[in-house]
Amino acid sequence: MEAVRNGTKKSPKKTLSALEAIADFGARLFGGKPGALMSGQAPPEVLEDVWVPSVCNLTNDGPCGIKVHRVNGVTVKIEGNKAHPNNEGVLCPKGHYGILKMYDSYRIKSPLKRTNPEKGIGVDPRWMEISWDEALDITAEKLKKIYLEDPRKLEVSAAERGGLHSSLVTLFGEVIGTPNLKFDGGGIRCSSTEHVHGTGIHAAFTCFPDIKRCNYSIYFGRNPMATHGASGNKVFGEARARGLKMVVIDPVLSVTAAKAEEWIPIKSGTDGAVILSMINVIINELNTYDAAFLKQWTNAPYLVGADGYFLRKEVAAGDKVIRKPLVWDAQDGQARVFDDPDIRERALLGDFDLEGGRYRPAFQLLQEHVRQYTPEWAAEISQVPAETIRRLSAELVTEARIGSTIMIDGKEFPFRPAATKLGRGVDARQNSSQAYLANEILNMLVGNVEMPGGHLGGSGKYKPRSPSDISDDGTLKPHYAGKWKFPPDKIDGSDTLFYYSYGMPQLKVLNILNPEKLSFDYRLEGMIRYHSNGIMSIGDHKMVAEALKKIPFFVSFSIINDEMTEFADIVLPDAMYLERWEPMDLTTKLIQAGFVWQGITLRQPIARPLYGCREIPDILTDLAERMEILDKWNMALNRKLQLKAPYLMAPDRKYEWVDVAERMVRSRGVDWEELKQKGAVGQRRSDKTAYMLYDGNLKFRLPLYFENLKRVGEELKNNLLKVGIDWWDTSDYVALPYWRPSVLYSAPAEYDMVCTYHRSVLLGQATTVNNPYCIEALEQEAYITKARMNPAAAMQRGIRDGEYVYIESQIGKVKARAALSEGIFPNVIAIGGAFGQWATPIARDLGWVNIGAITPIGFERTDPLSGAMEGHGLAVKVYKA
Amino acid sequence: MDGPKELGGLAAVRGRVYAFLSSVYLNIPGLDLVENIRHETFMSFLSGISCDTGLSEQMRVGLDEVQRFAGAVREQPPEAVWQQLAVDRTRLFRGIKPGYSPPAPYESSYRGQEQTVMGEWAVSVLREYARAGVFLPDDRREPPDHIGVELDFMRFLAQREAESWQTGARHEAVGCLEMEQSFLDQHIVPWVPVFCHNVIDMAGLDFYRGVARITTSFVVDDLERVQEILHLLLEGNRNGTGA
């Protein structure tokens with residue numbers, strides 16, 4: 001035989017000798033490692049064409065049922081599951097695009113170890129692939145050292161949208177014993193003020209108008225049609241078809257505003273002024289409010305002394321003596337304990353001399369307090385015309401139909417089909433608590449809180465179960481209240497600086513960088529991160545990066561090489577959502593206020609995890625075993641997953657996650673095989689169960705007068721002064737909300753514009769910015785990838801549509817393409833809220849910008865009540881690039 | 001035309017080369033690789049084979065690059081060399097992010113959409129594997145169109161061909177050759193050289209640059225080789241002089 005190649009004949013012997021040389025070369029280098037393929041008794045060829053029911057949950061309103069089409073082992077299509085009660089077949093684009101997330105060639109495929117000791121933005125970690133055993137050994141050794149020395153030295157951050165796996169990572173942190181459980185949320189992305197206060201008022205993490213029955217809604221800084229996904233928008237669509245009217249007050253003509261009856265532009269960060277003014281109009285001008293509701297369901301009638309505290313009386317409660325507030329019985333002409341069954345008429349107004357002091361009902365104080373907030377005053381601040389404020393107030397009162405009732409499943413309820421709702425545009429502010437509390441009062445005035453048609457607690461809703469959930473004054477105990485401690489245990493310092501405590505990641509950053517400020521007696525030595533991307537979502541990227549560099553050991557559970565992961569020392573690739581077992585509660589989140597269905601739904605794998613990825617609970621179990629805390633881990637899982645005999649896990653045995661998931665389902669009395677087949681098993685609940693205030697077993701009252709805040713604020717101030725902290729602002733701990741101007745406007749005059757951000761339904765709550773289909777769709781949106789600005793502001797600066805501009809804050813600048821629109825307040829510039837990545841595959845090459853890059857972090861930019869950060873608006877100057 | 005023995009010998013050697021190449025892309029290198037690279041006999045072996053006149057120019061350049069690397073790291077601590085190799089391999093072969101890594105070495109990513117795996121090419125190679133009676137074991141989670149798996153399939157076919165020639169099963173041997181030609185032509189050659197070109201461009205170390213050059217040179221030449229053998233066998237059949 002003669003070999004003929006490239007026109008040159010080669011002798012067969014030479015060819016053979018050359019190949020032998022190459023084969024020898026290879027053998028000398030790599031030896032005889034076994035190949036990938038096996039021969040012999042091959043498994044029968046899989047010929048299948050099946051639809052597997054599973055769960056999406058990539059957006060706020062999940063979990064949404066999906067059906068995934070698998071043909072011969074390959075996932076080829078995802079559709080909404082029409083049989084799933086939560087979404088009835090609708091699915092947002094993110095859900096449809098899930099296949100690209102599953103089959104992303106840039107997923108992390110195996111454990112990685114950092115070899116470059118230097119860390120920083122854009123610094124190559126110089127990953128080396130390592131085995132699972134090596135990665136787990138390294139991680140377990142580091143974590144065990146922290147566990148044995150001082151668990152506080154560990155930060156655990158898990159923030160994947162809504163899934164069970166994310167909460168198990170947090171549970172793992174709890175088992176280790178750290179109080180530091182979130183390096184995300186609460187920054188520029190989160191409605192943390194609502195989370196903090198919502199639990200004490202609504203017994204819920206979030207609140208929402210009762211879309212099913214509401215007829216009139218006012219949204220301040222909220223864009224639900226962009227953030228709720230298809231199932232939420234389906235509910236909205238049905239409500240709109242039924243006649244729901246929507247008013248959106250926002251600096252930006254958002255997606256929601258574009259669909260609303262009315263968009264009212266407002267100066268950024270001034271919503272609180274408008275809300276306080278509406279309270280004034282309703283009480284002092286219209287003099288129309290739901291007095292019966294206020295008397296029965298709030299603390300509005302409680303008598304308040306000159307010191308600002310309730311007049312109380314000691315009463316026996318079992319073997320204890322408690323101090324209950326008094327109200328004035330207008331018919332009997334005497335003060336009685338607020339819940340005295342013999343009270344005939346609780347007075348809301350008046351001035352009473354009692355026990356040597358002068359006392360007035362809380363409502364009387366409110367009436368007097370809000371007189372200063374006239375519509376003309378609010379108009380000056382907010383640029384919302386005074387007549388508009390008056391009109392909205394009147395519409396709210398009228399649409400609330402005070403006094404009307406509705407029959408629901410055989411029971412008569414008060415019917416208040418009107419509500420106002422704040423969004424992150426108000427919540428993610430340094431002055432957000434005052435606005436939030438004012439908004440709660442506004443809703444209480446029309447009697448709609450926790451009533452049909454009104455303002456309801458949404459996700460994370462829990463029903464007060466025992467009297468211990470209720471304070472002596474009849475209101476709910478705050479869920480996030482902590483015990484004061486100095487020096488702080490929590491790295492965010494919240495146990496020293498706040499009464500409430502819910503993730504304050506920007507303060508973690510500050511404290512990691514300057515632990516001396518709060519006299520910390522430990523330093524972080526380790527961090528576990530799961531799906532959160534704090535460096536993108538907290539603010540000031542460079543400052544967050546410096547903080548991350550201070551943490552000696554960082555393990556990232558991640559499916560892609562994103563910004564946080566590039567700071568990691570070890571990367572452990574977990575399964576993506578189509579490769580997991582994840583039973584979840586069958587309750588929708590925000591829009592439907594957590595009622596409708598009760599039961600369980602199952603996320604089940606369409607295929608085994610690709611590459612070398614593994615489900616996170618199995619990874620955590622491996623770590624627990626290596627750390628010799630398997631018993632604690634198993635017991636914690638028993639508790640968390642509410643396992644019951646005979647499905648309880650033994651402390652000394654290692655379980656595979658799929659087994660645990662099955663135990664969880666069976667513990668709830670649900671048949672595992674049936675659930676796998678159907679995707680969801682549950683029953684429809686009566687709508688009545690949503691209105692817990694009226695229909696609940698345990699009665700409680702709503703705080704219209706925040707006496708407790710005033711008290712704990714004074715305690716906090718005293719505690720702080722005792723340890724020499726006089727720089728922290730405690731002036732927001734007041735019983736009645738007041739107008740607090742935003743720190744946003746304290747910047748030097750040259751920063752004459754406000755930069756804010758907005759989201760798309762294609763993004764938000766899920767890692768989709770690296771999904772090519774999402775990117776392609778985003779590119780079709782008019783503004784999301786650009787910097788939207790008003791033509792008048794652009795003209796002043798010589799900027800034309802499509803030109804590049806610099807948006808410069810006091811800490812840096814970003815460059816974006818201007819898109820001119822009348823749909824934005826004149827001094828505001830708006831950019832998309834999920835871009836600016838430098839590491840995430842695909843996203844890093846888009847060239848779109850992120851507000852976090854130019855958002856300063858500081859104690860002075862933090863809401864002193866809730867810890868929310870001034871992240872939704874920042875002072876900038878804008879000029880042509 | 002050579003007889004069955006020679007053809008069997010050639011197939012066996014080709015199988016060994018495929019086994020080596022498959023191993024490069026599938027396995028995490030250990031310290032033994034460094035020891036092998038730095039071993040004196042390997043250096044002298046390299047000097048010897050680069051003079052082999054049967055080698056293509058591309059192959060020779062690849063070997064020179066490996067030799068250059070081996071010389072450069074000879075005095076370095078083994079751990080440091082191992083780390084350098086592991087880092088370069090991870091960046092080049094594991095698809096970390098665009099611009100930093102070449103697209104990950106899956107046929108679907110090169111012939112379909114860059115960002116996706118498990119496309120039509122993965123399904124197609126699975127079908128080929130099934131036809132040949134081989135399969136990916138359960139613990140192997142790489143998509144079936146990973147470069148290492150496809151090269152391992154060629155290893156399997158070449159070895160089976162060699163065994164067939166050795167046992168006189170000419171029909172089976174020719175069948176293997178036809179499958180090899182088809183798989184190289186339909187799957188490997190359309191994309192592996194493109195991937196190797198990326199590696200050659202982006203490699204930080206001469207070692208993987210050289211290995212990529214050896215890979216591309218080998219698979220392209222091997223297609224021609226297999227085509228020629230089949231052609232000659234066919235001609236031999238016509239002339240009655242077949243092996």
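The chains referred to below are lettered A, B, ... by the order of the sequence lines, with proteins before strands, and numbering in each begins at 1.
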Among [options], residue most engaged with chain B (heavy-atom pairs, under 4.5 Å):
| options | result |
| --- | --- |
| A/Ile22, A/Asp24, A/Leu29 | A/Leu29 |
| A/Asn771, A/Asp104, A/Ile560 | A/Asp104 |
| A/Asn770, A/Val71, A/Thr115, A/Ile108 | A/Thr115 |

With only heavy atoms counted, which part of [X] is less than 4.5 Å from chain A, the side chain, the backbone, both or neither?
| X | value |
| --- | --- |
| B/Phe93 | neither |
| B/Pro103 | both |
| B/Thr41 | both |
| B/Tyr25 | neither |
| B/Leu26 | side chain |

Tell me, for [X] versus chain B, whether the close heavy atoms (under 4.5 Å) come from the side chain, the backbone, both or neither.
| X | answer |
| --- | --- |
| A/Asp845 | side chain |
| A/Arg608 | side chain |
| A/Asp124 | side chain |

Legend entry - Over 12 foreign heavy atoms within 6.0 Å of CD, A/Glu134: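 Counting other residues, nucleotides and ligands, CD of A/Glu134 exceeds 12 neighbours.
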